[in-house]
Enquirer: 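Pasting a structure below so you can have a look.
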Amino acid sequence: MFDYHVHTSFSNDCKMPVEEIIKRGISLGIQEIAFTDHVELNVWRPGDLVMDDMFDADVYIKKMQEIQTKYKNQISIKIGVEMGLQLEEKDRINQLICQYPFDFVIGSSHTIDGHDLYYGKLFHEKSKEEAYERYFSEVIKIVEAMECYSVYGHLDLVRRYALKSYEDVELEEVDKDMIQWILKTIIEKGKGIEVNTSGYRYGLGGTNPSEEILQLYKKLGGEIITVGSDAHRLEHIGFRIKETYELLKEIGFKYITVFEQREPKFIKLP
């Protein structure tokens, strides 16, 4: 297994110590793990605070390099980041990514109009259709303007948070048209997408993005694809990754992707 989306205590929403994660990964037989702690710039937080929500990058890199060396004979460790992509922060995001030796960058859309999806403002006084259109229209702008990421994370993430507001969280045809444009742009720019297994944990009954989107990505010629658990707890490391490999094979994918110094490498699916 290659778990390419794992958080540590460097993320504000996670308390897992790095070395406990490594030991858990080794016990599960994980061959390679990518640590991808959160960075969200200029984002609203409760208490009417607008702030940069991120780790101390110098400390983070130093710690990750230390454990790479310590465990090099037991498990491969990649230094990554989950970067919240916002057009208004494009220059600062590019600067941060270029400043540090990240192997891998997940680009995610957690924040729309300065507010984290988690807090639900996107869904206030909007129909599901209006909220989804706002989300995917912003992702279109981002993929057209930004190229700092390796893969786009949980592309249909909006569905996870919509569960709190709507009974029906499935995509409409307009959403699918927008997603097709997003995927074409990602492919044309030589980027990839992530398959995030946490959709099973959050009640969506499948991965983020959905199997339908994965099929479309394959049909459009997409090849760069990573699989990650999005673990914030020890028991979620490696979560349903093997089953997801089987799903990808059924769709027609022959490889998953790993990264080193932000360069993709293809690993044949087992």
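Bear in mind the structure is a predicted one, so any value in this text is a computation, not a measurement.
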Enquirer: Applying salt bridge (Lys or Arg N to Asp or Glu O under 4.0 Å) to K121 and D116, what does each step give before you reach the verdict?
Expert: CA-CA 8 Å; K121 185 173 181 181; D116 196 316; over 6 Å; no

Enquirer: Just how far is it from atom CG of L85 to atom CD of E88, taken to the nearest 0.5 Å?
Expert: 10.5 Å

Enquirer: Please check if any side-chain donor atom of D230 sits under 3.5 Å from a side-chain acceptor atom of H5, or the reverse.
Expert: yes

Enquirer: If we ignore hydrogens and angles and just use 3.5 Å, is the side chain of Q65 paired with the main-chain N or O of K62 as donor and acceptor?
Expert: no

Enquirer: Hydrophobic clustering (ILVMFWY, side-chain heavy atoms < 4.5 Å, transitive) - are L216 and Y135 grouped together?
Expert: yes

Enquirer: Step by step, would you call K63 with D56 a salt bridge (Lys or Arg N to Asp or Glu O under 4.0 Å)?
Expert: CA-CA 11 Å; K63 177 64 175 178; D56 183 318; over 6 Å; no

Enquirer: Linking I/L/V/M/F/W/Y whenever their side-chain heavy atoms sit closer than 4.5 Å, directly or via other members, would V59 and Y100 fall into one cluster?
Expert: yes

Enquirer: Considering residues, nucleotides and ligands other than K189, do more than 12 of their heavy atoms fall under 6.0 Å from its NZ?
Expert: yes

Enquirer: Decide whether L117 and I106 are clustered together by the hydrophobic rule: side chain heavy atoms of Ile, Leu, Val, Met, Phe, Trp, Tyr closer than 4.5 Å, transitively.
Expert: yes

Enquirer: Rounded to the nearest 0.5 Å, what separates atom CZ in F10 from atom OH in Y60?
Expert: 8.0 Å

Enquirer: Has the side chain of S9 got a donor or acceptor atom that lies under 3.5 Å from a matching backbone atom of K15?
Expert: no

Enquirer: Could you tell me whether K164 sits above the aromatic face of Y118, with NZ or CZ closer than 6.0 angstrom to the six-membered ring centre and within 45 degrees of the axis?
Expert: yes

Enquirer: Main chain of V6, side chain of T36: is a donor-acceptor contact present, judged purely on distance under 3.5 Å?
Expert: yes

Enquirer: Using a 3.5 Å distance criterion without hydrogens, assess whether the side chain of Y132 forms a donor-acceptor pair with backbone atoms of V169.
Expert: yes

Enquirer: Which heavy-atom pair separates P209 from V195 by the least distance, and what is that distance?
Expert: CD-CA, 4.3 Å

Enquirer: Could you state whether I93 and I112 fall into the same hydrophobic cluster, counting links through intermediate Ile, Leu, Val, Met, Phe, Trp or Tyr residues with side-chain heavy atoms under 4.5 angstrom apart?
Expert: yes

Enquirer: How long is the gap from NE2 on H7 to CD1 on I21, to the nearest 0.5 Å?
Expert: 10.0 Å

Enquirer: Donor-acceptor pair, S165 side chain versus A162 backbone, under 3.5 Å?
Expert: no

Enquirer: Has the side chain of K126 got a donor or acceptor atom that lies under 3.5 Å from a matching backbone atom of L122?
Expert: yes

Enquirer: Start with the C-alpha gap between S198 and R240, add the side-chain angles, then the distance that decides, and say whether side chain to side chain donor-acceptor pair (under 3.5 Å) holds.
Expert: CA-CA 9 Å; S198 71; R240 298 195 74 154; over 6 Å; no

Enquirer: Run through E170, E133, E212 and flag the one making a salt bridge (Lys or Arg N to Asp or Glu O under 4.0 Å) with K176.
Expert: E212

Enquirer: Let me confirm one number: the CG-CG distance from D177 to L171, rounded to the nearest 0.5 Å.
Expert: 11.0 Å

Enquirer: Step through the shown structure and confirm whether more than 12 heavy atoms of other residues, nucleotides or ligands are within 6.0 Å of CZ on R233.
Expert: no

Enquirer: In Å, rounded to the nearest 0.5 Å, how long is the span from OH of Y245 to CG of L269?
Expert: 7.5 Å

Enquirer: Would you kindly say whether S109 and Y152 are connected by a side-chain donor-acceptor distance under 3.5 Å?
Expert: yes

Enquirer: Hey, does the Lys NZ or Arg CZ of R262 hover above the aromatic six-ring of F104, less than 6.0 Å from the centre and inside 45° of the axis?
Expert: no

Enquirer: Show your working on side-chain contact (heavy atoms from CB on, under 4.5 Å) between K78 and F102 and close with a plain yes or no.
Expert: CA-CA 8 Å; K78 299 300 181 185; F102 294 116; over 6 Å; no

Enquirer: If only side-chain N and O atoms count, and only distance matters, is there a donor-acceptor pair under 3.5 Å linking S108 with E82?
Expert: yes

Enquirer: Please check if the number of heavy atoms outside Q74 that lie under 6.0 Å from its CD is greater than 12.
Expert: yes

Enquirer: Nearest 0.5 Å, please: how far is CD in E173 from CD in E129?
Expert: 12.5 Å

Enquirer: Does atom CD of E223 have more than 12 heavy-atom neighbours, drawn from other residues, nucleotides or ligands, at distances under 6.0 Å?
Expert: no

Enquirer: Is a side-chain donor or acceptor of K191 paired with a backbone partner of E147 at a separation under 3.5 angstrom?
Expert: yes

Enquirer: With salt bridge (Lys or Arg N to Asp or Glu O under 4.0 Å) as the criterion, how do E20 and K23 come out once you've worked through the C-alpha distance, each side chain's angles and the decisive distance to 0.1 Å?
Expert: CA-CA 5 Å; E20 287 189 21; K23 291 173 184 177; over 6 Å; no

Enquirer: Let's go through R134 and D113 carefully: what are the C-alpha distance in whole Å and the side-chain angles of both, what is the deciding distance for salt bridge (Lys or Arg N to Asp or Glu O under 4.0 Å) to 0.1 Å, and is it a yes or a no?
Expert: CA-CA 10 Å; R134 177 71 195 95; D113 300 323; 2.7 Å; yes

Enquirer: Under 3.5 Å, is there a donor-acceptor pair linking the side chains of Q261 and D103?
Expert: no

Enquirer: With a 6.0 Å cut-off on the ring centroids, do H124 and H115 count as close?
Expert: no

Enquirer: Judged by atom type as modelled, is there a donor-acceptor pair below 3.5 Å linking the side chain of Q68 to the main-chain atoms of I77?
Expert: yes

Enquirer: So, T8 side chain and M16 main chain: donor-acceptor pair closer than 3.5 Å or not?
Expert: no

Enquirer: Is the H38-H232 ring centre distance short of 6.0 angstrom?
Expert: yes

Enquirer: Under 6.0 Å from the CD atom of E235, do we count more than 12 heavy atoms belonging to anything else shown?
Expert: yes

Enquirer: Are F259 and L155 in one and the same hydrophobic cluster, where Ile, Leu, Val, Met, Phe, Trp and Tyr link if side-chain heavy atoms are under 4.5 Å apart?
Expert: yes

Enquirer: Can a donor-acceptor pair be found, under 3.5 Å and without considering hydrogens, that links the side chain of T207 to the backbone of S210?
Expert: no

Enquirer: With E246, which of E243, K249, K242 fulfils side chain to side chain contact (heavy atoms under 4.5 Å, CB included)?
Expert: K249

Enquirer: Please check if any side-chain donor atom of T111 sits under 3.5 Å from a side-chain acceptor atom of E40, or the reverse.
Expert: yes

Enquirer: What do you reckon, is CD of E19 surrounded by more than 12 foreign heavy atoms closer than 6.0 Å?
Expert: yes

